[in-house]
**Student:** 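Sending over a structure as structure tokens; questions will come in a sec.
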Amino acid sequence: MEQPENHTQHYSETRFWNKLAHYAKKAGAEVVEKALWLYYGAQDPKTPAWAKTVMIGALGYFIFPLDAIPDFAPLVGYTDDLGMIVAAIGTVAMHISDETKTKAREKMQQWFG
């Protein structure tokens with residue numbers, strides 16, 4: 001699997017929110033929740049720079065339109081995105097605070113009820 005840091009140049013806040021807005025239901029709650037963990041974790045000033053790089057790199061991969069499995073592929077389109085996100089979370093888990101998870105949960109409630 002590629003390293004998340006390789007995709008930092010593809011990340012932007014606007015592109016992240018646009019992708020979630022258009023594909024949240026299709027990607028599914030698990031992908032969206034974990035992506036939000038990374039997003040809010042990267043916003044946290046207590047997160048070290050190296051961890052932010054991993055988080056933003058994974059989000060860049062999520063946003064990048066030419067990933068390993070095209071997002072429009074039925075049933076499997078977001079499995080590579082989830083894999084990259086989970087790998088990043090495994091690397092930076094100790095820097096994802098309860099506050100970050102709460103923000104993600106609140107956003108999930110807004111979108112998925």
Side-chain angles (χ1 to χ4, degrees):
M1 179 174 283
E2 293 181 54
Q3 295 298 310
E5 301 85 13
N6 297 341
H7 293 278
T8 56
Q9 71 272 17
H10 302 294
Y11 175 79
S12 80
E13 256 188 75
T14 302
R15 289 176 68 197
F16 172 73
W17 287 113
N18 285 341
K19 176 125 184 191
L20 282 184
H22 289 99
Y23 297 103
K25 299 268 190 215
K26 187 176 179 182
E30 185 173 7
V31 172
V32 172
E33 179 183 38
K34 302 308 186 260
L36 288 169
W37 284 8
L38 295 176
Y39 172 78
Y40 289 123
Q43 305 302 311
D44 187 340
K46 294 176 287 210
T47 301
W50 72 265
K52 287 181 181 187
T53 299
V54 171
M55 293 171 173
I56 290 169
L59 294 174
Y61 184 87
F62 176 65
I63 293 167
F64 190 58
L66 301 174
D67 52 19
I69 302 172
D71 294 339
F72 59 82
L75 303 174
V76 296
Y78 288 94
T79 56
D80 62 319
D81 297 298
L82 180 59
M84 182 65 75
I85 288 169
V86 168
I89 288 171
T91 303
V92 300
M94 67 182 133
H95 300 290
I96 298 174
S97 68
D98 290 338
E99 180 182 333
T100 293
K101 290 178 182 178
T102 298
K103 286 179 183 179
R105 196 174 314 111
E106 290 170 356
K107 183 59 79 176
M108 294 292 293
Q109 275 297 109
Q110 288 176 356
W111 285 348
F112 292 98

**Student:** Can you find a pair of side-chain heavy atoms, one from Val32 and one from Met108, that are under 4.5 Å apart?
**Tutor:**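 Val32 vs Met108: side chains touch.
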**Student:** Please identify each residue that fulfils ring pair (Phe, Tyr, Trp, His ring centres under 6.0 Å) with Tyr40, with sequence neighbours left out.
**Tutor:**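 Tyr40 satisfies ring pair (Phe, Tyr, Trp, His ring centres under 6.0 Å) with no other residue.
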**Student:** Any side-chain heavy atom of Val92 sitting closer than 4.5 Å to one from Trp37?
**Tutor:**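 They are not in contact (no side-chain heavy atoms under 4.5 Å apart), so the answer is no.
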**Student:** Is the closest side-chain heavy-atom distance between Tyr61 and Ile85 below 4.5 Å?
**Tutor:**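 In short, these two side chains do not touch, never coming nearer than 4.5 Å.
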**Student:** Identify the heavy atoms of Ala51 and His95 that sit nearest to each other, and give their distance.
**Tutor:**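 What the structure gives for the nearest pair is CB-CD2, 4.1 Å.
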**Student:** Could you pull out the closest heavy-atom pair between Ala35 and Leu59, with the gap in Å?
**Tutor:**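 Closest pair (atom of Ala35, atom of Leu59, distance): O-CD2, 3.6 Å.
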**Student:** Can you tell me how far NZ of Lys34 sits from NZ of Lys101, rounded to the nearest 0.5 angstrom?
**Tutor:**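 Between atom NZ of Lys101 and atom NZ of Lys34 there are 8.5 Å.
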**Student:** Please find the pair of heavy atoms, one from Thr100 and one from Gly41, that lie closest to each other, and give the distance.
**Tutor:**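 Scanning both residues completely, I find the closest heavy atoms to be CG2-N, 3.5 Å.
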**Student:** Would you give the length of the straight line joining atom CD of Glu13 to atom CG of Asn18, rounded to the nearest 0.5 angstrom?
**Tutor:**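 One finds 11.5 Å between CD of Glu13 and CG of Asn18.
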**Student:** What's the spacing between Arg105 CZ and Asp98 CG if we round to 0.5 Å?
**Tutor:**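 Here the interatomic distance stands at 8.0 Å.
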**Student:** Report the relative orientation of the aromatic rings in Tyr39 and Phe16; use parallel for angles under 30°, tilted for 30 to 60°, perpendicular for over 60°.
**Tutor:**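 Taking Phe16 first and then Tyr39, their aromatic rings lie parallel (interplane angle under 30°).
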**Student:** Can you list everything that forms a salt bridge (Lys or Arg N to Asp or Glu O under 4.0 Å) with Lys107? Sequence neighbours excluded, please.
**Tutor:**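 Applying salt bridge (Lys or Arg N to Asp or Glu O under 4.0 Å) to Lys107 gives none.
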**Student:** Judged by atom type as modelled, is there a donor-acceptor pair below 3.5 Å linking the side chain of Thr53 to the main-chain atoms of Ala49?
**Tutor:**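 Side chain of Thr53 to backbone of Ala49: a pair is present.
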**Student:** Looking at every heavy atom in both Ile63 and Ser12, which two are closest together, and how far apart are they?
**Tutor:**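 Looks like CD1-O, 3.8 Å.
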**Student:** Can you name the closest pair of heavy atoms from Asp44 and Ser97 and give their distance?
**Tutor:**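 For Asp44 versus Ser97, the nearest heavy atoms are OD2-OG, 3.9 Å.
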**Student:** Measuring from atom CG of Leu38 to atom CD1 of Ile96, what distance do you get when rounded to the nearest 0.5 angstrom?
**Tutor:**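 Here the interatomic distance stands at 5.5 Å.
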